[in-house]
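These notes are about the structure you will find just below.
Just so we're clear, the structure is a prediction, and the values are computed from it rather than from any experiment. We name chains A, B, ... by the order of the sequence lines, and we start the count at 1 in each one.
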Amino acid sequence: MKEDKSFFEQVWEITRLIPEGRVTSYGAIAECLGAARSARMVGWALNASTNINPHVPAHRVVNKNGLLTGKFHFEGYNIMQDLLQSEGIIVIDNKIKDFEKHFWNPSELIEE
DNA sequence: ATTTTGACGACGT
DNA sequence: GACGTCGCCAAAA
């Protein structure tokens, strides 16, 4: 039933499930989808998500380093950073402070 | 159908 | 530990 959706939609779905004040990495989402080695695809999917109907909290998705790699893809320069800080996440120099502390595992909420 | 790329990740140097 | 290269998979040109 879920395979009907494109890889993108699956990424958006998981990204939307990210609780506030939590962040995750592209690889984690990719792994949850079964495309563990396709972390890049997650980023690609999120790229399209910036133009879809429900707002996808792509700002909560960062790379494994906790670095806001995609912040440049947002409307403004510090949009992503500002949003994260609004949720209680400390961002310093485009990087999430205590990244692993705010890290959220998609498999934690998603049950196959 | 083929080639290029792309918001990453892991490994090698 | 910083920098470089390869690998993965899927979509766009």
Within the 4.0 Å heavy-atom criterion, would you say [X] contacts the bases, only the backbone, or no part of the nucleic acid?
| X | result |
| --- | --- |
| Asn63(A) | sugar-phosphate |
| Thr50(A) | base |
| Ala45(A) | nothing |

Which atom pairs, one a donor and one an acceptor, fall under 3.5 Å between side chains of residues 21-33 of chain A and the rest of the protein, sequence neighbours left out?
| from | atom 1 | to | atom 2 | distance (Å) |
| --- | --- | --- | --- | --- |
| Thr24(A) | OG1 | Trp104(A) | O | 3.0 |
| Ser25(A) | OG | Ala28(A) | N | 3.3 |
| Tyr26(A) | OH | Val61(A) | O | 3.3 |
| Tyr26(A) | OH | Thr69(A) | OG1 | 3.4 |

Distance check needed: [N] [atom2] versus [X] [atom1], whole Å only.
| X | N | atom1 | atom2 | value |
| --- | --- | --- | --- | --- |
| Arg40(A) | dG7(C) | CZ | C1' | 8 Å |
| Ile29(A) | dA7(B) | CD1 | C1' | 11 Å |
| Glu75(A) | dA7(B) | CD | P | 17 Å |
| Ile52(A) | dA11(C) | CD1 | P | 15 Å |

Margin query: Dot-bracket, 5' to 3', for DNA chain B please: Watson-Crick or G-U pairs under 3.5 Å, [ ] where pairs cross earlier ones, | where the partner sits on another strand, dots elsewhere.
Written below: .|||||.||||||
Note to self: Nearest 0.5 angstrom please: Gln81(A) CD to Ser86(A) OG, how far?
What the structure shows: 10.5 Å
Closest to the [X] side chain, choosing from [options]:
| X | options | answer |
| --- | --- | --- |
| Phe7(A) | dC8(B), dA7(B), dA11(C) | dA11(C) |
| Trp44(A) | dG9(B), dA7(B), dT5(B) | dT5(B) |
| Ser38(A) | dC9(C), dC8(C), dA7(B) | dC9(C) |

Next item on the list: Indicate yes or no: at least one non-hydrogen side-chain atom of Leu67(A) is less than 4.5 angstrom from one of Ile96(A).
Entry: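 Leu67(A) vs Ile96(A): side chains apart.
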Check: How about Arg60(A) and Thr15(A): do any of their side-chain heavy atoms sit closer than 4.5 Å?
Finding: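 Result no, sub-4.5 Å side-chain heavy-atom pair not found.
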Note to self: What I want to check is whether an N or O donor and acceptor connect the side chain of Arg37(A) with the base of dC9(C) at under 3.5 Å.
What the structure shows: no
Next item on the list: Give a yes/no answer on whether the side chain of Thr69(A) brings an N or O atom under 4.0 Å of OP1 or OP2 in dC8(B).
Entry: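 True: Thr69(A) side-chain N/O within range (under 4.0 Å) of dC8(B) OP1/OP2.
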Check: How do Phe8(A) and Ala39(A) order along DNA chain C: which one's closest nucleotide is nearer the 5' end?
Finding: Ala39(A)
Notebook entry, point to check: Considering residues, nucleotides and ligands other than Asp98(A), do more than 12 of their heavy atoms fall under 6.0 Å from its CG?
Noted result: yes
